[in-house]
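Structure first, then comments.
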Amino acid sequence: MSENLIITIGRECGSGGRHIGQKLAEELGVKCYDKELLNLAAKNSGLCKELFETHDEKPTSSFLYSLVMDTYSLGYTNSAYMDMPINHKIFLAQFDTIKQLAAEESCIIIGRCADYALADFPNVVSVFITADEDAKIKTLMERHQISESQAKDVMIKTDKKRASYYNYYSSKRWGDSKSYDLCINSSKVGMDGAIKIIKAFAEAKQAYRRK
């Protein structure tokens, strides 16, 4: 099993999770995969890149989760895969790409059930970034130049979408502290504080594993 350090980051909309992941990657000298993961998965699977962008972290309720994972275990050449809805093919392609990245290099992966995909990798640190609602709304207002009500609407809809996607495809609950190694409120410690905490936790987890 790969000994690469993989840090996965789940995040609430407006919490700064993506920016924390990107800056942390710079400090660690590794790559941060967010939208880049879609391009890799498209390339590896042969599916159209636009399909990945259209279905990115979007939930589904039209197909049984167990059938998806049964198909995953059988591979992509069987008839069940060929008949599978496109959103499930996209999920499996991302699932494979995440595992491949973890086997090849140390990196940071944002969202997309990466912590669940890498459940069998011992050197993974799963993080969830939250923030106070007023801080998230302020961030979204500034980032997108939108009103307070628009920012709140974006926040609620984005988090609902992410939660539905995560809860459907994984066996855990999005945002539940039991689903992650570490949960951080970025509005309490700031971006730099969150980065320091993640780095310290990753070092402590690695040291403990070596005992």
Side-chain angles (χ1 to χ4, degrees), residues 1-11 17-47 49 52-53 55-57 65 68-76 81 87-129 162 165-184 194-195 197-211:
M1 185 63 70
S2 168
E3 285 300 310
N4 295 324
L5 172 63
I6 314 298
I7 299 175
T8 66
I9 298 182
R11 73 286 185 221
R18 179 168 59 88
H19 298 288
I20 289 169
Q22 291 171 336
K23 190 171 181 182
L24 176 59
E26 290 178 10
E27 292 194 12
L28 295 176
V30 300
K31 291 182 180 179
C32 178
Y33 292 96
D34 184 16
K35 294 293 185 181
E36 300 84 354
L37 186 66
L38 305 182
N39 296 333
L40 284 173
K43 181 180 178 181
N44 293 342
S45 66
L47 295 171
K49 184 179 76 170
F52 284 85
E53 294 171 350
H55 292 81
D56 187 27
E57 287 192 297
Y65 162 81
V68 176
M69 299 317 292
D70 286 347
T71 303
Y72 173 76
S73 66
L74 293 172
Y76 293 168
Y81 174 77
N87 51 342
H88 289 72
K89 291 182 181 179
I90 287 169
F91 171 78
L92 294 181
Q94 289 187 142
F95 202 86
D96 264 356
T97 299
I98 290 168
K99 284 178 173 287
Q100 182 180 330
L101 285 173
E104 294 176 350
E105 61 183 279
S106 294
C107 62
I108 293 172
I109 303 176
I110 308 295
R112 298 170 184 86
C113 293
D115 57 309
Y116 181 67
L118 301 177
D120 295 332
F121 285 67
N123 217 24
V124 172
V125 174
S126 59
V127 180
F128 189 82
I129 306 294
R162 288 175 180 170
Y165 179 88
Y166 186 92
N167 296 344
Y168 181 82
Y169 282 114
S170 86
S171 60
K172 303 184 291 182
R173 301 296 295 177
W174 186 82
D176 187 329
S177 62
K178 294 189 289 293
S179 298
Y180 309 91
D181 294 332
L182 179 66
C183 295
I184 301 173
I195 290 170
I197 292 169
I198 296 170
K199 287 169 70 175
F201 185 92
E203 290 172 3
K205 183 175 181 178
Q206 286 179 307
Y208 187 73
R209 282 191 57 241
R210 297 189 193 105
K211 286 185 177 181

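Small disclaimer: the values here were computed from a predicted structure and weren't measured. Excluded from the calculations below are hydrogen atoms, water molecules and symmetry mates; all remaining heavy atoms, backbone and side chain alike, are included.
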May I ask you to check whether over 12 heavy atoms, not counting those of K31, lie within 6.0 Å of atom NZ? no
Check whether any side-chain heavy atom of V127 lies under 4.5 Å from a side-chain heavy atom of C183, and answer yes or no. no
Spacing of CD1 belonging to I198 relative to CD1 belonging to I184, to within rounding of 0.5 Å: 4.0 Å
Answer whether the closest heavy-atom distance between the side chains of Y116 and S171 falls below 4.5 Å. yes
Which atoms form the tightest heavy-atom contact between A102 and L118, and what is the distance? CB-CD2, 3.6 Å
To the nearest 0.5 Å, tell me how far R18 CZ sits from I129 CD1. 13.5 Å
Steps toward side chain to side chain contact (heavy atoms under 4.5 Å, CB included) verdict (C107, I6): CA-CA 5 Å; C107 62; I6 314 298; 3.9 Å; yes
Mutual orientation of the aromatic rings belonging to Y165 and F91 [parallel < 30°, tilted 30-60°, perpendicular > 60°]: perpendicular
Find out whether N123 and R209 are in side-chain contact, i.e. whether some heavy atom of one side chain is under 4.5 Å from a heavy atom of the other. yes
Run the numbers on Y33 and T97 for side chain to side chain contact (heavy atoms under 4.5 Å, CB included), then give the verdict. CA-CA 11 Å; Y33 292 96; T97 299; over 6 Å; no
Working to the nearest 0.5 Å, report the span between CD of Q100 and CD of E105. 9.5 Å
Donor-acceptor pair, side chain of K172 and main chain of K178, under 3.5 angstrom: no
Is the closest side-chain heavy-atom distance between L101 and L37 below 4.5 Å? yes
List the residues meeting salt bridge (charged side-chain N to carboxylate O under 4.0 Å, His left out) with K199, not counting sequence neighbours, and say none if there are none. E27
Is the closest side-chain heavy-atom distance between E36 and D34 below 4.5 Å? yes
Distance (rounded to the nearest 0.5 Å) between S170 OG and F95 CZ: 9.5 Å
So, for K205 and D181, which heavy atoms are closest and what is the spacing to 0.1 Å? NZ-OD2, 2.8 Å
Working to the nearest 0.5 Å, report the span between CD1 of I9 and CD of Q22. 9.5 Å
What are the two closest heavy atoms between I110 and C32, and how far apart are they? CG1-SG, 3.8 Å
Quick one, F128 with S179, criterion side chain to side chain contact (heavy atoms under 4.5 Å, CB included). Give me CA distance, side-chain angles, the key distance, then yes/no. CA-CA 9 Å; F128 189 82; S179 298; over 6 Å; no
pair I20-I195: side-chain heavy atoms closer than 4.5 Å: yes
Rounding to 0.5 Å, atoms CD (Q206) and CZ (F201) come to a distance of 11.0 Å
Heavy-atom pair of closest approach, residues R11 and R162: O-NH1, 3.1 Å
Do the non-hydrogen side-chain atoms of Y169 and Q94 ever get within less than 4.5 Å of each other? no
Would you say the side chain of D115 lies within less than 4.5 Å of the side chain of Y166, judging by non-hydrogen atoms? yes
Nearest heavy-atom neighbours spanning L5 and S106: N-OG, 3.0 Å
How close do A103 and N4 get, heavy atom to heavy atom, and via which atoms? O-ND2, 3.3 Å
